[in-house]
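Atom set for the values below is all heavy atoms of this structure, side chains included, hydrogens, waters and symmetry mates excluded.
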Amino acid sequence: MEREIKTRRIKFRYPAGSLRRHYVQGDLGMSHMVAVLSAAFPEGEAFMIRSVRAVADQITDPELKKQVAGFIGQEATHSREHRELNERLQEMGYPTALIDRVIRRTLEARTRYLSPLYCLAMTAALEHYTAILAETLLSDERALDMLGEGEVRSMLLWHALEESEHRAVAFDVYKAVGGTHRMRVLVMWFTTLAFLASAGCATYMSLFRDRDFYNPKIHYRSAVRFFGAPFFSRAVFRRLLSYNRKDFHPNEVDNTELIARWNAELFGEHGQIADRLH
């Protein structure tokens with residue numbers, strides 16, 4: 001599928017005092033989970049860029065080369081914008097700086113000691129996760145309602161749109177340079193276990209620093225809402241597991257209309273965040 005992947009020059013701002021402590025609809029669990037994911041994004045995006053660049057000289061298809069350039073541009077911008085948010089979250093008491101350091105050391109070690117093809121398989125696996133989460137966010141009203149209003153909502157919608165736009169690039173590069181189905185599936189399972197373990201530990205570490213975590217009513221209410229979120233639906237798990245099929249491709253689920261809709265809503269003539277573009 002030929003698709004333009006454009007690098008948008010965009011800037012979000014989080015002035016001091018502009019975010020509530022629990023900035024995702026006042027919810028304890030979702031606020032900490034988003035903070036942990038945001039803390040992981042800058043170094044995660046840097047790892048993905050390194051992984052694709054490491055094999056870029058093996059790509060011969062002109063269209064794929066063009067998409068790789070767009071992928072790198074978008075991921076670099078994501079990294080920069082999440083760092084901006086992470087600095088504000090750190091000031092609010094979230095351990096984003098510590099998580100960033102741990103992720104950097106972990107992923108730099110992966111780059112140093114694992115093969116470029118393995119790192120590329122990791123990138124394709126991570127892109128599968130982010131695309132499904134992004135498209136769930138963009139297509140499910142319950143997920144959108146959880147974001148509330150404000151600058152964090154705007155930034156996450158923009159990030160979700162671009163993850164949906166470039167969801168197949170790392171996968172296509174992996175196939176183009178000779179990646180096998182067996183390695184792709186094995187790396188997906190290894191990556192899944194590592195991601196769940198690290199995200200779970202980081203989230204609880206973050207929660208332990210929040211006094212509301214020790215309030216039974218707040219804790220229970222947040223847990224019910226968190227595990228009832230659309231991100232844990234059967235449809236999401238079915239899409240995650242579809243990656244194991246030999247004939248799988250990220251574009252088998254058509255997101256053309258979804259991308260067109262959110263491009264218009266965010267960046268159209270009267271787009272919600274068109275004024276953030278430079």
Side-chain angles (χ1 to χ4, degrees), residues 33-56 58-59 68 71-72 75 78-79 82 98-136 159 163-164 166-206 227 231-253:
M33 175 57 81
V34 170
V36 166
L37 292 176
S38 183
F41 274 127
E43 291 300 329
E45 309 283 22
F47 170 80
M48 294 179 192
I49 291 171
R50 289 197 304 271
S51 299
V52 171
R53 276 181 171 160
V55 299
Q58 300 177 45
I59 301 170
V68 164
F71 170 87
I72 290 173
E75 296 290 48
H78 297 171
S79 181
H82 275 280
L98 173 60
I99 295 170
D100 179 79
R101 288 195 300 272
V102 172
I103 294 292
R104 183 181 71 248
R105 291 169 185 168
T106 301
L107 293 180
E108 284 179 350
R110 296 282 194 281
T111 302
R112 189 177 303 115
Y113 297 115
L114 297 175
S115 72
L117 195 59
Y118 189 102
C119 292
L120 188 57
M122 272 186 66
T123 296
L126 292 168
E127 285 293 300
H128 183 58
Y129 287 128
T130 54
I132 292 172
L133 293 176
E135 289 170 20
T136 301
H159 191 165
E163 290 295 335
S164 300
H166 70 232
R167 66 181 183 180
V169 176
F171 185 93
D172 287 341
V173 171
Y174 176 78
K175 289 190 69 175
V177 300
T180 65
H181 170 252
R182 184 172 182 274
M183 173 181 270
R184 174 167 65 81
V185 172
L186 285 174
V187 172
M188 165 57 88
W189 284 109
F190 290 145
T191 303
T192 299
L193 292 173
F195 173 77
L196 290 176
S198 58
C201 289
T203 301
Y204 273 103
M205 177 191 70
S206 184
F227 289 107
F231 303 106
F232 297 98
S233 69
R234 290 182 181 179
V236 166
F237 284 110
R238 280 197 297 270
R239 279 193 69 182
L240 287 171
L241 291 173
S242 68
Y243 195 84
N244 295 329
R245 295 196 337 262
K246 195 167 187 177
D247 63 344
F248 167 81
H249 191 275
N251 287 336
E252 66 186 26
V253 175

Atom CZ of Phe232: over 12 foreign heavy atoms under 6.0 Å: yes
Note, Phe237 side chain near Phe231 side chain (heavy atom, < 4.5 Å): no
Under 3.5 Å donor-acceptor, Ser38 side chain and Val34 backbone: no
Nearest atoms (heavy-atom pairs only) where Thr180 meets Tyr174: O-OH, 2.6 Å
Stepwise side chain to side chain contact (heavy atoms under 4.5 Å, CB included) test for Leu98 and Met205: CA-CA 11 Å; Leu98 173 60; Met205 177 191 70; 3.7 Å; yes
For Val55 against Pro116, the heavy-atom pair lying closest together: CG1-CB, 4.2 Å
Beyond-backbone contact of Glu43 with Met48, side-chain heavy atoms, under 4.5 angstrom: no
Rounded distance (nearest 0.5 Å) linking atom CD1 of Ile72 with atom CZ of Arg53: 4.5 Å
Side-chain H-bond candidate by donor/acceptor type, Glu45 with His82, under 3.5 Å: no
Lys/Arg cation over aromatic Phe47: Arg110, 6.0 Å, 45° cone: no
His181 NE2 to Leu186 CG distance, which is reported to the nearest 0.5 Å: 9.0 Å
Residue pair Pro42 / Ser79: nearest heavy atoms and the distance that separates them: O-OG, 3.1 Å
Glu135 bridged to Arg239 by N-O distance under 4.0 Å: yes
Test log, rule side chain to side chain contact (heavy atoms under 4.5 Å, CB included), inputs Phe171 and Glu127: CA-CA 8 Å; Phe171 185 93; Glu127 285 293 300; over 6 Å; no
Side chain to side chain contact (heavy atoms under 4.5 Å, CB included) between His249 and Asp172, intermediate numbers included: CA-CA 9 Å; His249 191 275; Asp172 287 341; 2.7 Å; yes
For Val169, the option from Val68, Thr123, Val52 that meets side-chain contact (heavy atoms from CB on, under 4.5 Å): Val68
Atom of Met122, atom of Leu107 and distance for their closest heavy-atom approach: CE-CD2, 4.3 Å
Check: His128 ring centroid to Phe248 ring centroid under 6.0 Å: yes
Distance-only polar pair, side chains of Glu75 and His78, donor-acceptor under 3.5 Å: yes
Side-chain donor-acceptor contact under 3.5 Å, Arg167 with Asn251: yes
Minimum heavy-atom distance between Ala202 and Ile99, given as atom pair plus value: CB-CD1, 4.1 Å
Leu241 CG to Arg234 CZ distance, which is reported to the nearest 0.5 Å: 13.0 Å
Val36 to Ser206 - nearest heavy-atom pair and separation: CG2-CB, 4.4 Å
Spacing of CG belonging to Leu37 relative to OG1 belonging to Thr203, to within rounding of 0.5 Å: 7.0 Å
Ile103 CD1 to Glu108 CD distance, which is reported to the nearest 0.5 Å: 11.5 Å
Distance in Å, Ile132 CD1 paired with Ser164 OG, rounded so as to fall on 0.5 Å steps: 10.5 Å
Side chain to side chain contact (heavy atoms under 4.5 Å, CB included) between Leu193 and Trp189, worked out: CA-CA 6 Å; Leu193 292 173; Trp189 284 109; 5.6 Å; no
